[in-house]
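As the structure is a computational prediction, the values presented were derived from the model and not from experiment. In what follows, every heavy atom counts, from backbone to side chain, and hydrogens, waters and symmetry copies are set aside.
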Amino acid sequence: MKSEYMLEALKFAKNAFNDGEIPVGAVIVKNDKIIATGENHREKKNNALSHAEIEAINNACKALGSWRLDGCTMYVTLEPCMMCMGAIINSRLDTLVFGAYDTRAGCADSLVNSKSLLSSEKPEIYGGIMEEKCEKILKDFFDVVRNSGNRKAENS
């Protein structure tokens, strides 16, 4: 695991923050190279499926010309939800690295422990990587929303 990849995921989370989206960013790495990225776009696209992880998986599949993402690692700033965890398992990602735990909806280890799922295609999972930085961007976003009622950050 390399913190430089989580720092890249944080850049995409910051982009989402600035666009008024819940700040989650993801990158997918293969052979020590970023092959795909994603950030939340649910508000922008009016699409419940536009999570950072799903966007990154879609982009990786296009980049590799395959739905199988064997040999790939995803770095994402927030523990994936059930939908995203299902996509991660189904895309055959080898490894999942996430930053902040999500005790409300996280399905890698918090709400659901994905190791308990029946699938034989389970990624190795590492949570809490750069957790403070990943939590901070989420906290900052929700502070802006609570204090201003505006989802877009001022001067960010």
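Around the NZ atom of Lys30, the shell of radius 6.0 Å holds more than 12 heavy atoms that belong to other residues, nucleotides or ligands. Counting heavy-atom neighbours within 6.0 Å of Asn31 CG, excluding the residue itself, gives a total of 12 or less.
Here the straight-line distance linking atom NZ of Lys136 with atom CG of Leu138 works out to 11.0 Å at 0.5 Å rounding. To the nearest 0.5 Å, the span separating OG1 on Thr73 from OH on Tyr126 amounts to 9.0 Å. Taken to the nearest 0.5 Å, the CD1 atom of Ile28 stands 10.5 Å off from the CD1 atom of Ile34.
Of all heavy-atom pairs spanning Ala105 and Asp102, the tightest one is N-OD1, 3.1 Å. When all heavy atoms of Ala16 and Glu39 are compared, the pair lying nearest together is N-OE2, 3.9 Å. Scanning all heavy atoms of the two residues, the minimum distance from Pro23 to Ala13 falls at CB-O, 3.3 Å. Considering every non-hydrogen atom in both Ala26 and Ala52, the closest pair reads CB-O, 3.9 Å. Shown here for Ser50 and Lys45, the closest heavy-atom pair between the two residues is OG-CD, 3.5 Å. The shortest non-hydrogen separation linking Ala60 to Ala36 is N-CB, 3.3 Å.
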* Asked: Could you go step by step and tell me if Ile125 and Asp109 meet the side chain to side chain contact (heavy atoms under 4.5 Å, CB included) rule?
  -> CA-CA 9 Å; Ile125 299 172; Asp109 192 34; 5.7 Å; no
* Checking salt bridge (charged side-chain N to carboxylate O under 4.0 Å, His left out) for the pair Glu79/Arg104: CA distance, chi angles, key distance, verdict? -> CA-CA 10 Å; Glu79 181 180 5; Arg104 293 172 142 176; over 6 Å; no
* Go through the steps to decide whether Cys134 and Met6 satisfy the test side chain to side chain contact (heavy atoms under 4.5 Å, CB included), and finish with yes or no. => CA-CA 9 Å; Cys134 294; Met6 189 60 80; 4.0 Å; yes
* To do: Evaluate the side chain to side chain contact (heavy atoms under 4.5 Å, CB included) criterion for residues Ile22 and Phe141: first the C-alpha distance (whole Å), next the side-chain angles of each, then the deciding distance (0.1 Å), finally the verdict.
  => CA-CA 7 Å; Ile22 294 174; Phe141 175 79; 3.9 Å; yes
* **side chain to side chain contact (heavy atoms under 4.5 Å, CB included) assessment of Asn40 paired with Glu55** => CA-CA 8 Å; Asn40 273 355; Glu55 297 226 339; over 6 Å; no
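Residue Cys72 forms a side-chain contact (heavy atoms from CB on, under 4.5 Å) with just one option from Val29, Ile35, Asp94, and that option is Ile35. Among the candidates Ile57, Leu69, Val27, the single residue satisfying the side-chain contact (heavy atoms from CB on, under 4.5 Å) test with Met74 is Ile57.
Inspection of the Glu21 and His41 side chains reveals no N or O donor paired with an N or O acceptor under 3.5 Å.
Criterion: ILVMFWY side-chain heavy atoms under 4.5 Å apart, direct or through other members. Under it, Leu49 and Phe12 are not part of a common hydrophobic cluster. The hydrophobic clustering, which links ILVMFWY residues whose side-chain heavy atoms are closer than 4.5 Å, places Met83 and Leu96 apart. The hydrophobic cluster containing Phe98 also contains Leu7, counting ILVMFWY residues as joined when their side-chain heavy atoms lie under 4.5 angstrom apart, directly or transitively. Both Val24 and Val97 belong to a common hydrophobic cluster when Ile, Leu, Val, Met, Phe, Trp and Tyr are linked at side-chain heavy-atom distances under 4.5 angstrom. Cluster annotation: Trp67 is not connected to Met85 through the hydrophobic network of ILVMFWY side chains, with a link wherever side-chain heavy atoms come within less than 4.5 Å.
For the pair Glu8 and Tyr75, the minimum side-chain heavy-atom distance is 4.5 Å or more. A heavy-atom distance below 4.5 Å is found between the side chains of Pro123 and Ile89. Contact annotation: the side chain of Asn47 never approaches that of Arg42 to less than 4.5 Å [non-hydrogen atoms, C-beta and beyond]. Put simply, the side chain of Thr77 does not reach to within 4.5 Å of the side chain of Met130, judged on heavy atoms. The shortest side-chain heavy-atom distance between Ile88 and Pro80 falls under the 4.5 Å cut-off.
With salt bridges taken as basic N to acidic carboxylate O contacts below 4.0 Å, one links Asp32 and Lys2.
Because its NZ or CZ atom is both nearer than 6.0 Å to the ring centre of Phe17 and within 45° of the ring axis, Lys14 counts as a cation-pi partner of that residue.
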